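Okay, so here's the structure we're looking at.
Source: prediction; values computed, not measured.
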Amino acid sequence: MVEKQFSLQEFTCGERVLPRSFYARDTVTVARELLGKIIVNYTPAGPIAGRIVETEAYIQGDPACHAARGMTPRNRVMFGPPGHAYVYFIYGMYHCFNTITARKGVGEGVLIRALEPLTGLPIMRANRKRKKIVDLCSGPAKLVQALGILPQHNGADLTVRPLVLLEGPPPQEGIVTTTRIGINVGETLPFRFYLEGNMHVSRK
DNA sequence: GTCCTGATCCTCT
DNA sequence: GAGGATCAGGACG
């Protein structure tokens, strides 16, 4: 398979940053509409970017949501203004990346679960110590490693560099809705979305 | 390919 | 002190 390196402009409609109003809406709607959008991390080594192909929504009143039992030092970013990053530590060795949604004071967000790598593939490979493209961003902790997202990015404004989300071309694929991965508490909710047939999705 | 397990530590109870 | 929005590697088929 031929490996093509894409320029950011080729994918991002001239780098149109998603405005804060995009995030300040119903969380489940934002989760669905984030599919096809572009995440870019401008690092000293160069830009690293991927196309979002899998998301999960976490809302108030949902026992699986980190904010379910009120504000704590860990989850306080979730209650802040929308359009910011929530990066948290999990399983003793990994981090996951969320975008904060809804209005300030409401602890909701969208977990980014998988990306299709677009630019900065050599940097991703170095960050991940993996060669195959499908091993770079096909999971929430993998994409955090690949993009070089760090705990220091917790609370970062996603409408300004270095870490931004950009408009992308509308997805041609269909959108599949399922229950969320690894959630055993409470009722099962259809809050996971992914692009049909995309090889970078973490699970079918 | 599928299944199982260990790694490893922060957070909240 | 228990458990978690995970991943990689090994056993097995």
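Rounded to whole angstrom, the span from the CZ atom of A:Arg180 across to the P atom of C:dA5 amounts to 10 Å. A:Arg203 has its CZ atom 14 Å from the C1' atom of C:dA8, to the nearest Å. With rounding to whole Å, A:Lys129 atom NZ is found 14 Å from C:dC7 atom C1'. Per the geometry, NZ belonging to A:Lys132 stands 15 Å off P belonging to C:dC7, to the nearest Å.
Side chains of A:Asp157 and A:Arg20 form a contact here, defined as non-hydrogen atoms less than 4.5 Å apart.
Crowding of A:Lys129 atom NZ: a count of heavy atoms from other residues, nucleotides or ligands under 6.0 Å not exceeding 12.
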Reading nucleotides 8-13 of chain B from 5' to 3' and marking B where a protein heavy atom lies under 4.0 Å of the base, S where only the sugar-phosphate is that close, and - otherwise, the string is BBSSSS
Please evaluate residues A:Tyr88 and A:His95 with respect to the criterion ring-ring contact (aromatic ring centres under 6.0 Å, His included), reporting the C-alpha separation (whole Å), side-chain torsions for both, the decisive distance (0.1 Å), and the verdict. CA-CA 5 Å; A:Tyr88 68 90; A:His95 295 272; 8.3 Å; no
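Considering every non-hydrogen atom in both A:Ala114 and A:Val201, the closest pair reads CB-CA, 4.2 Å.
The base-pairing partner of C:dA5, taking Watson-Crick or G-U wobble contacts with both distances under 3.5 Å, does not exist among the strands shown. When Watson-Crick and G-U wobble pairs are counted only if both distances are under 3.5 Å, B:dT8 pairs with no nucleotide at all.
At a cut-off of 3.5 Å, with distance as the only test, a side-chain donor of A:Glu56 or A:Tyr58 sits close to an acceptor on the other residue.
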